[in-house]
Amino acid sequence: MNTQLAEILRLLRNIIRIGTVAAVNPAEGVCRVDTGNNTTGWLPWLSARAGKTRAWSAPSQGEQVLVLCLGGELETGFVLPGIFSDVHPAPSASAEALHWSFADGAELAYEPQTGALHASGIRTASISAAEKILLDAPLVECTSLLKTAQLNVTAGGSLQGDVSHSGGQLSSNGVVVDTHDHGGVQRGGSRTDGPK
C-alpha cells in the first residue's frame with residue numbers, strides 16, 4: 001500500500017472516533033479524550049444550544065464520547081457527549097422521560113406517562129421572578145423528613161378563603177392565638193381588654 005493511500009485511510013478512520021474523557025477544563029469549555037492509543041489535545045465539546053439561548057453541561061472524566069474530526073485530524077475535533085457505559089449507565093428506562101442525574105445523587109425528572117415532575121436531593125432550590133410566581137394546584141404541601149418543615153413569608157402578604165390550623169401553636173405578633181385569654185370581662189356592653 002502506498003503512503004498516500006495509507007494517509008487517506010488514516011484520515012477516514014479519524015473522522016469519527018469513540019473515546020473516554022481524560023480531563024476537563026470547565027473554565028475554558030474544553031476537554032481531552034483518550035481514543036485508541038491517542039490522547040487528544042484540548043477540544044471543545046458540543047452543547048444543545050450556544051447562542052442567545054445557551055445550555056451548559058460539562059462532560060465528566062471517564063464519560064464515553066464521540067470525537068468528530070474535521071478532515072480526519074484529531075486537533076480539529078469536537079467532542080460529542082455522551083454515550084452510556086457500564087461505568088455510567090442510563091438513569092432511566094422510560095421511552096418518554098426526561099431525566100437528569102447528578103454526582104451528588106440529586107435528580108431532576110419528568111415522566112409524561114404519569115405527569116410527574118420530580119426534583120430530589122437538592123439542598124437549596126431557588127426560583128425568582130421580577131413580577132410573580134404562581135403555584136396553581138389544588139394542594140400545596142410543605143413537608144420534611146426531619147419534621148422541621150417551615151414556611152416563611154418575609155415581606156408580608158394576605159390569605160384569602162377558609163384557613164384551618166391544627167397541631168402546634170398559632171401565634172400573631174407574639175401572642176399565641178389559640179390559648180390567650182381576655183381580662184376585665186364584665187357583663188353588659190363593656191369590651192374586653194386586649195389579648196395577653
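- Leu80 and Val21 are members of different hydrophobic clusters when ILVMFWY side chains are connected at heavy-atom separations under 4.5 Å.
- Exactly one of Thr40, Leu74, Leu43 qualifies for a side chain to side chain contact (heavy atoms under 4.5 Å, CB included) with Cys69. That residue is Leu74.
- Of all the heavy atoms in Ala97 and Ser92, the pair that sits closest is CB-OG, 4.1 Å.
- Judged by distance alone, with hydrogens and angles left aside, the side-chain atoms of Ser60 form no donor-acceptor pair with the main-chain N or O of Glu63 at under 3.5 Å.
- Between the CG atom of Leu117 and the CG atom of Leu98 there is a distance of 9.5 Å, given to the nearest 0.5 Å.
- Counting only residues at least two apart or in different chains, salt bridge (charged side-chain N to carboxylate O under 4.0 Å, His left out) contacts with residues 67-86 comprise Arg10-Glu73.
- Of all heavy-atom pairs between Gln64 and Ile18, the closest is OE1-CD1, 4.2 Å.
- No donor-acceptor pair under 3.5 Å is formed between the side chain of Ser120 and the backbone N or O of Ala106.
- Atoms OG1 and CD, on Thr114 and Glu96 in that order, are 10.0 Å from each other to the nearest 0.5 Å.
- The number of heavy atoms from other shown groups lying within 6.0 Å of CD1 (Ile16) does not exceed 12.
- Between the CG atom in Leu68 and the CG atom in Asn14 there is a gap of 12.0 Å [rounded to 0.5 Å].
- Summarising the geometry, atom CZ belonging to Phe78 is positioned 7.0 Å from atom CG belonging to Leu46; distances are rounded to the nearest 0.5 Å.
- The environment of Ile127 atom CD1 is sparse: at most 12 non-hydrogen atoms of other residues, nucleotides or ligands sit within 6.0 angstrom.
- Using modelled atom types, one finds a donor on one side chain and an acceptor on the other under 3.5 Å when comparing Arg17 with Thr35.
- Summarising the geometry of Phe84 relative to Pro91, their closest heavy-atom pair is CE2-CD, 3.8 Å, with the distance given to 0.1 Å.
- Here the closest heavy-atom approach between residue Gly71 and residue Leu11 is recorded as O-CD2, 3.5 Å.
- Here salt bridge (charged side-chain N to carboxylate O under 4.0 Å, His left out) pairs that include residues 97-106, with residues two or more places apart or in two chains, number zero.
- Side-chain contact, Thr20 with Asp34: no donor N or O sits under 3.5 Å from an acceptor N or O.
- Applying the ring pair (Phe, Tyr, Trp, His ring centres under 6.0 Å) test to residues at least two apart or on different chains, the pairs with a partner in residues 19-50 are Trp45-Trp56.
- Summarising the geometry, atom CD belonging to Glu107 is positioned 5.5 Å from atom NE2 belonging to His118; distances are rounded to the nearest 0.5 Å.
- Cluster annotation: Val30 is not connected to Leu70 through the hydrophobic network of ILVMFWY side chains, with a link wherever side-chain heavy atoms come within less than 4.5 Å.
- To the nearest 0.5 Å, atom OG1 of residue Thr3 and atom CD1 of residue Ile8 are 10.0 Å apart.
- Linking ILVMFWY side-chain heavy atoms closer than 4.5 Å, directly or via other members, places Val24 and Val65 in a single hydrophobic cluster.
- A single hydrophobic cluster is seen to contain both Ile15 and Leu66, as judged by linkage of ILVMFWY side chains at heavy-atom distances under 4.5 Å, directly or through other members.
- A side-chain N or O of Ser94 and one of Glu111 form a donor-acceptor pair less than 3.5 Å apart.
- In terms of heavy atoms, Pro44 sits closest to Gly77 at CD-O, 3.8 Å.
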